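The structure presented is a predicted model; accordingly, all values stated were derived computationally and were not measured.
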Amino acid sequence: MKCVFVTVGTTSFDDLIACVSAHDSLQIIQNLGYNRLVLQIGRGKVVPEPFSTESFTLDVYRYKDSLKEDLQKADLVISHAGAGSCLETLEKRKPLIVVINEKLMNNHQLELAKQLHKDGHLFYCTCSMLPGLLQSMDLSTLKCFPPGQPEKFSAFLDKVVGLQK
């Protein structure tokens with residue numbers, strides 16, 4: 001069972017959910033050998049219809065107390081650019097695609113994604129670029145995030161968000 005897990009955290013990111021559950025994206029995900037897609041949609045208004053066929057399952061839910069289990073089971077994580085979601089995924093050593101919400105003005109999320117991408121830990125894109133990235137990405141090029149160094153991560157966050165020079 002190969003699984004893609006999509007998380008938007010506690011917010012809503014309808015564009016991402018709509019994009020990843022669109023027919024073309026589902027086709028690409030299946031072509032890549034995944035047979036399960038789990039969508040955590042938060043407060044979103046876009047609620048894809050869950051379905052299950054012999055070769056593919058789509059699961060949808062709003063919230064769980066913890067994403068730990070879904071992250072554990074995932075072979076690929078597609079996440080909004082929230083620092084918490086990014087860090088949790090990287091610490092579990094899961095391949096990560098961060099999708100930037102262009103409608104959000106707080107763009108330190110973009111800075112975070114860019115920096116982690118530069119360091120080779122994840123891929124990032126916008127919704128419109130996601131299908132192309134899924135087709136072209138090489139997950140084997142991703143580097144593991146150094147585990148268990150939250151102080152490094154928070155120093156890094158501070159730098160990105162501009163709390164320290």
Side-chain angles (χ1 to χ4, degrees), residues 1-114 116-117 121-142 144-145:
M1 236 353 206
K2 281 186 75 182
C3 175
V4 178
F5 176 52
V6 179
T7 175
V8 303
T10 51
T11 58
S12 63
F13 191 172
D14 286 342
D15 291 352
L16 171 55
I17 298 300
C19 167
V20 83
S21 61
H23 182 75
D24 293 355
S25 300
L26 292 177
Q27 208 50 64
I28 293 167
I29 289 169
Q30 287 183 65
N31 292 347
L32 289 169
Y34 297 97
N35 36 27
R36 185 156 179 247
L37 175 62
V38 179
L39 303 176
Q40 184 266 316
I41 62 170
R43 291 202 299 262
K45 289 182 178 54
V46 173
V47 186
E49 202 49 57
F51 70 85
S52 197
T53 65
E54 262 172 47
S55 56
F56 198 79
T57 304
L58 174 67
D59 287 323
V60 180
Y61 68 89
R62 287 197 181 274
Y63 301 107
K64 283 184 186 167
D65 289 342
S66 158
L67 301 180
K68 207 188 238 141
E69 198 184 321
D70 286 306
L71 286 172
Q72 220 107 46
K73 287 182 182 157
D75 297 287
L76 172 65
V77 177
I78 300 174
S79 172
H80 71 127
S85 301
C86 292
L87 181 61
E88 208 178 332
T89 303
L90 292 172
E91 286 197 323
K92 296 237 178 331
R93 303 185 167 221
K94 298 294 181 174
L96 174 63
I97 299 174
V98 168
V99 181
I100 306 297
N101 188 345
E102 295 171 289
K103 296 192 175 131
L104 281 187
M105 286 331 283
N106 82 5
N107 247 349
H108 67 255
Q109 290 197 343
L110 176 60
E111 296 308 308
L112 177 68
K114 268 188 180 155
L116 287 168
H117 174 71
H121 298 305
L122 54 75
F123 296 110
Y124 77 96
C125 62
T126 56
C127 287
S128 58
M129 290 156 55
L130 183 60
L133 176 64
L134 283 168
Q135 284 172 302
S136 67
M137 67 186 181
D138 176 358
L139 295 178
S140 70
T141 60
L142 290 176
C144 274
F145 191 71

Gap separating the [atom1] atom of [X] from the [atom2] atom of [Y], nearest 0.5 angstrom:
X: F123; Y: T141; atom1: CZ; atom2: OG1; result: 3.5 Å
X: E88; Y: L71; atom1: CD; atom2: CG; result: 5.0 Å
X: L37; Y: F5; atom1: CG; atom2: CZ; result: 10.0 Å
X: L122; Y: F145; atom1: CG; atom2: CZ; result: 9.5 Å

Considering residues at least two apart in sequence or located in another chain, which fulfil the side-chain hydrogen bond (donor to acceptor under 3.5 Å, both in side chains) criterion with [X]?
X: S128; value: T126
X: T89; value: none
X: Y61; value: D70
X: K73; value: E69

Would you say [X] and [Y] make side-chain contact, with heavy atoms under 4.5 Å?
X: L16; Y: L130; answer: yes
X: V20; Y: I29; answer: yes
X: I100; Y: C125; answer: no

Notebook entry, point to check: Is the NZ atom of K45 crowded by more than 12 outside heavy atoms at less than 6.0 Å?
Noted result: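 No, NZ of K45 has 12 or fewer neighbouring heavy atoms, counting only those of other groups under 6.0 Å.
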Notebook entry, point to check: Does a sphere of radius 6.0 Å around NZ in K2 hold more than 12 heavy atoms from other residues, nucleotides or ligands, not counting ones at 6.0 Å or beyond?
Noted result: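 Atom NZ in K2 is crowded, with more than 12 foreign heavy atoms closer than 6.0 Å.
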Give the minimum heavy-atom separation between [X] and [Y], together with the two atoms involved.
X: Y63; Y: T10; result: OH-O, 3.5 Å
X: K94; Y: Q72; result: NZ-O, 2.8 Å
X: L90; Y: H121; result: CD2-O, 3.5 Å
X: L112; Y: C86; result: CD2-SG, 4.5 Å
X: S12; Y: R43; result: CB-C, 3.6 Å
X: L96; Y: S79; result: CD1-CB, 3.8 Å

Item checked: Where at least one partner belongs to residues 17-39, residue pairs that pass side chain to side chain donor-acceptor pair (under 3.5 Å), sequence neighbours excluded ->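 Listed once each, the pairs are R36-D59.
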Checklist line | side-chain contact (heavy atoms from CB on, under 4.5 Å) involving V46 - partner list, sequence neighbours excluded | finding: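 D14, I17, A18, P48.
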Next item on the list: Only pairs at least two apart or in different chains count here, so list each salt bridge (Lys or Arg N to Asp or Glu O under 4.0 Å) that has a residue in residues 124-135.
Entry: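 Output for this query is empty, none listed.
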Checklist line | salt bridge (Lys or Arg N to Asp or Glu O under 4.0 Å) contacts in which one or both residues fall within residues 124-134, not counting sequence neighbours | finding: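 As it turns out, there is no salt bridge (Lys or Arg N to Asp or Glu O under 4.0 Å) pair with a partner in residues 124-134 once direct neighbours are skipped.
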Notebook entry, point to check: Could you give all pairs that pass the ring pair (Phe, Tyr, Trp, His ring centres under 6.0 Å) test and reach residues 78-99, with sequence neighbours left out?
Noted result: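 Counting only pairs at least two positions apart or across chains, no ring pair (Phe, Tyr, Trp, His ring centres under 6.0 Å) contact touches residues 78-99.
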Would you mind writing out the side-chain donor-acceptor pairs for residues 131-139 within the sub-3.5 Å range, not counting sequence neighbours?
{"from": "S136", "atom 1": "OG", "to": "G132", "atom 2": "O", "distance (Å)": "3.2"}
{"from": "S136", "atom 1": "OG", "to": "L133", "atom 2": "O", "distance (Å)": "3.4"}
{"from": "D138", "atom 1": "OD1", "to": "S140", "atom 2": "N", "distance (Å)": "2.9"}
{"from": "D138", "atom 1": "OD1", "to": "S140", "atom 2": "OG", "distance (Å)": "2.5"}
{"from": "D138", "atom 1": "OD2", "to": "S140", "atom 2": "OG", "distance (Å)": "3.2"}

Check: With distance as the sole test, does Q40 use its side chain to make a donor-acceptor pair with the main-chain N or O of R62 at under 3.5 Å?
Finding: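 Indeed, once roles are kept as given, a pair shorter than 3.5 Å links the two residues.
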List, one per line, each side-chain donor-acceptor pair under 3.5 Å for residues 50-58, sequence neighbours excluded.
{"from": "S52", "atom 1": "OG", "to": "T57", "atom 2": "OG1", "distance (Å)": "3.1"}
{"from": "T53", "atom 1": "OG1", "to": "S55", "atom 2": "N", "distance (Å)": "3.3"}
{"from": "T53", "atom 1": "OG1", "to": "F56", "atom 2": "N", "distance (Å)": "3.0"}
{"from": "T53", "atom 1": "OG1", "to": "F56", "atom 2": "O", "distance (Å)": "3.2"}

Item checked: Partner set under ring-ring contact (aromatic ring centres under 6.0 Å, His included) for Y124, not counting sequence neighbours ->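 Result, ring-ring contact (aromatic ring centres under 6.0 Å, His included) vs Y124: H117.
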